[in-house]
Amino acid sequence: MPNTSVKTDIPARHPDVAGRVNGTQRASPWEILALGGTGRGTQNPASHAPRGREARGVRRGTPPATACLARAAWLRTPLASGEMVTAQSALLEREAQESSTTDEELAGRRAANGSSVRGGAVSTPDYGEKKLPQALIIGVKKGGTRALLEAIRVHPDVRAVGVEPHFFDRNYEKGLEWYRNVMPKTLDGQLTMEKTPSYFVTNEAPKRIHSMAKDIKLIVVVRNPVTRAISDYTQTLSKKPEIPTFEVLAFKNRTLGLIDASWSAIRIGIYALHLENWLQYFPLSQILFVSGERLIVDPAGEMAKVQDFLGLKRVVTEKHFYFNKTKGFPCLKKPEDSSAPRCLGKSKGRTHPRIDPDVIHRLRKFYKPFNMMFYQMTGQNFQWEQEEGDK
Ligand SMILES: Nc1ncnc2c1ncn2[C@@H]1O[C@H](COP(=O)(O)OS(=O)(=O)O)[C@@H](OP(=O)(O)O)[C@H]1O
């Protein structure tokens, strides 16, 4: 079970890149990222870091010394007739086509204007006020972020935007007022939330979010990076069936066993690398790591942790979930906007293509040192090394 205390054994040298440093030495995991052609989009987090994490007392979050070397839908009810669609929501819907949640259903559901349907009756609350979010689900893409958002929205003290606003990556120049307008209206005591999984891997996001609200709560749903990569690829494949195979895309040089860590499907899963960027701005105590695997096998258990972290009463419990055999996933008995049970849309829980087991093996080896670093940084062992299959 994840979240146990961590005993890490972080190899200083990465086994998959023998001979790449000075022709003789093995490179550290961080060196691979600097030397192994992964530079696309790489940024030195220290270069924009304010003021050391030590000042904020982050301890576990400190990556090993070697790091310094290379820091170098759930378907929703469609818009009711007469509901107002704001310019923002229309724009967001267009952008949702390109966001990580590509549910057409989601794109069409007009949730960005804060409308909701409870107990079957449409209500666009004209009371309360729009506030900037106090909590964000910042990642990871394909981690289970939609399942988490839809489950937390069941809580009466949470109001959330249905689509992904992408404010801190794509829409930042639109300004905070634009962002606030995207949010649903809330009453006193209600939390405003949104989820945009790409924030976790956006270099500028931590700084931008910190400058908006340094006490904001951040949630990251993480999943075995190998499975996550395959899930990511499966999503792309569903839109572009002509792309090369996963096995081809995964390697820079398959004979030499060189993984292409510049491919976003692989790079996103180097969680330690991205987390390091966040820890320049936020203490670990402000970040909750949710296990994507446990969110499937024990959604109520993970939701208890989420509600505790958000300072909410534990309202979302076992009685809100049931396991849907056809879907193969837990579904909500009573989603926020309906009294009818509902599962996530067809783009969640896709069948993955079969991947050559040797490639999976190599990817596991590739991720292992980064996973160990991540466990050490977070103080949680997600036990991805113990998994047998890719799921
Ligand atoms: N309850 C429930 N129902 C369906 N799917 C569930 C659920 N809980 C977690 N998951 C897993 O969520 C994966 C999609 O993750 P995200 O929602 O983060 O994707 S996205 O980044 O927003 O596109 C999705 O990945 P795939 O299985 O690869 O499709 C699911 O495994």
Side-chain angles (χ1 to χ4, degrees), residues 73-76 92 95-107 109 111 136-154 160-166 169 193-202 219-239 246 264-265 268-269 271 274 289-303 306 316 318 320-336 341-355 384 387 389-391:
W74 311 48
L75 302 177
R76 301 189 55 98
L92 285 172
E95 291 188 338
Q97 313 282 355
E98 294 157 23
S99 70
S100 52
T101 297
T102 55
D103 267 347
E104 294 76 21
E105 303 93 352
L106 263 182
R109 72 192 197 178
L136 297 174
I137 299 171
I138 57 173
V140 300
K141 183 182 177 192
K142 306 318 291 178
T145 56
R146 175 57 55 186
L148 176 60
L149 187 79
E150 295 308 314
I152 197 64
R153 292 176 94 183
V154 170
V161 186
V163 293
E164 298 172 5
H166 281 275
D169 52 352
M193 290 186 70
E194 66 115 326
K195 79 118 178 162
T196 303
S198 49
Y199 291 162
F200 189 61
V201 298
T202 298
I219 300 176
V220 194
V221 190
V222 287
R223 177 182 188 185
N224 184 329
V226 179
T227 327
R228 199 220 66 81
I230 297 168
S231 173
D232 203 336
Y233 172 78
T234 307
Q235 174 167 293
T236 310
L237 189 65
S238 73
K239 291 185 281 181
F246 182 92
S264 71
I268 290 172
Y271 302 142
H274 307 297
F289 299 92
V290 172
S291 159
E293 286 83 14
R294 295 215 55 83
L295 195 60
I296 295 170
V297 297
D298 179 20
E302 288 305 292
M303 290 314 295
V306 171
V316 184
E318 304 77 43
H320 287 89
F321 299 95
Y322 74 100
F323 186 80
N324 184 305
K325 277 195 193 147
T326 316
K327 177 78 179 164
F329 283 91
C331 298
L332 275 176
K333 282 188 192 155
K334 274 180 102 176
E336 185 226 16
R342 192 182 295 155
C343 297
L344 291 185
K346 59 183 185 315
S347 70
K348 308 295 176 186
R350 288 183 175 110
T351 304
H352 296 174
R354 185 188 172 277
I355 306 298
W384 293 316
E387 289 174 27
D390 85 293
K391 278 252 181 196

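No experiment lies behind these values; they were computed from the predicted model shown. Below, each value reflects all heavy atoms present in this structure, side chains not excepted, and no hydrogens, waters or symmetry copies. Order of appearance sets the numbers: ligands from 1, and atoms from 1 within every ligand.
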Considering all heavy atoms, the nearest Phe329-Gly349 contact
CE1-CA, 3.3 Å
Counting heavy atoms only, which part of Glu302 comes closer than 4.0 Å to ligand 1: side chain, backbone, both or neither?
neither
Does any part of the side chain of Ile268, heavy atoms only, come nearer than 4.5 Å to the side chain of Lys142, both counted from C-beta?
no
Numbering the atoms of ligand 1 from 1, which are under 4.0 Å from a heavy atom of Ser231?
25 (O), 26 (P), 28 (O)
Please could you name the atoms of ligand 1 that Lys195 approaches to less than 4.0 Å, counting only its heavy atoms?
22 (O)
For atom 25 (O) of ligand 1, tell me which residue out of Arg294, Lys348, Arg223 has the closest non-hydrogen atom.
Arg223
Would you say Arg146 has any N or O atom under 3.5 Å from an N or O of ligand 1, going by distance alone?
yes
Atoms in ligand 1 with a heavy atom of Glu164 nearer than 4.0 Å
22 (O)
What atoms of ligand 1 come closer than 4.0 angstrom to any heavy atom of Ala147?
7 (C), 8 (N), 9 (C)
Shortest non-hydrogen contact between Val221 and Gly143, atoms and distance
CG1-O, 3.2 Å
Sub-4.0 Å heavy-atom contact, Ile296 with ligand 1
yes
For Glu164, is there an ion pair with Lys195 - N to carboxylate O distance below 4.0 angstrom?
yes
Determine whether a donor-acceptor pair (N or O, by modelled atom type, separation under 3.5 Å) exists between the side chain of Lys327 and the backbone of Gly345.
yes
Which bit of Thr145 gets closer than 4.0 Å to ligand 1, counting heavy atoms only: side chain, backbone, both or neither?
both
I'd like the name of whichever of Pro330, Gly345, Gly328 reaches closest to atom 1 (N) of ligand 1 through any heavy atom.
Pro330
Does the side chain of Phe321 come within less than 4.5 Å of Val316's, by heavy atoms?
yes
Applying side-chain contact (heavy atoms from CB on, under 4.5 Å), can you list everything that pairs with Phe323, at least two apart in sequence or on another chain?
Lys325, Pro330
Do ligand 1 and Leu295 have nitrogen or oxygen atoms that lie under 3.5 Å from each other?
no
In short, Leu149 meets Val161 closest at the heavy-atom pair CD2-O, 3.5 Å
Enumerated ligand 1 atoms positioned under 4.0 Å from heavy atoms of Gln235:
23 (O)
Salt bridge (Lys or Arg N to Asp or Glu O under 4.0 Å) against Asp232, all qualifying residues, sequence neighbours excluded:
Lys141, Arg228
Ligand 1 atoms nearer than 4.0 angstrom to some heavy atom of His352 are 26 (P), 27 (O), 28 (O)
Min over Cys343, Gly144, Gly139, Gly292 of heavy-atom distance to atom 15 (O) of ligand 1 lands on Gly144
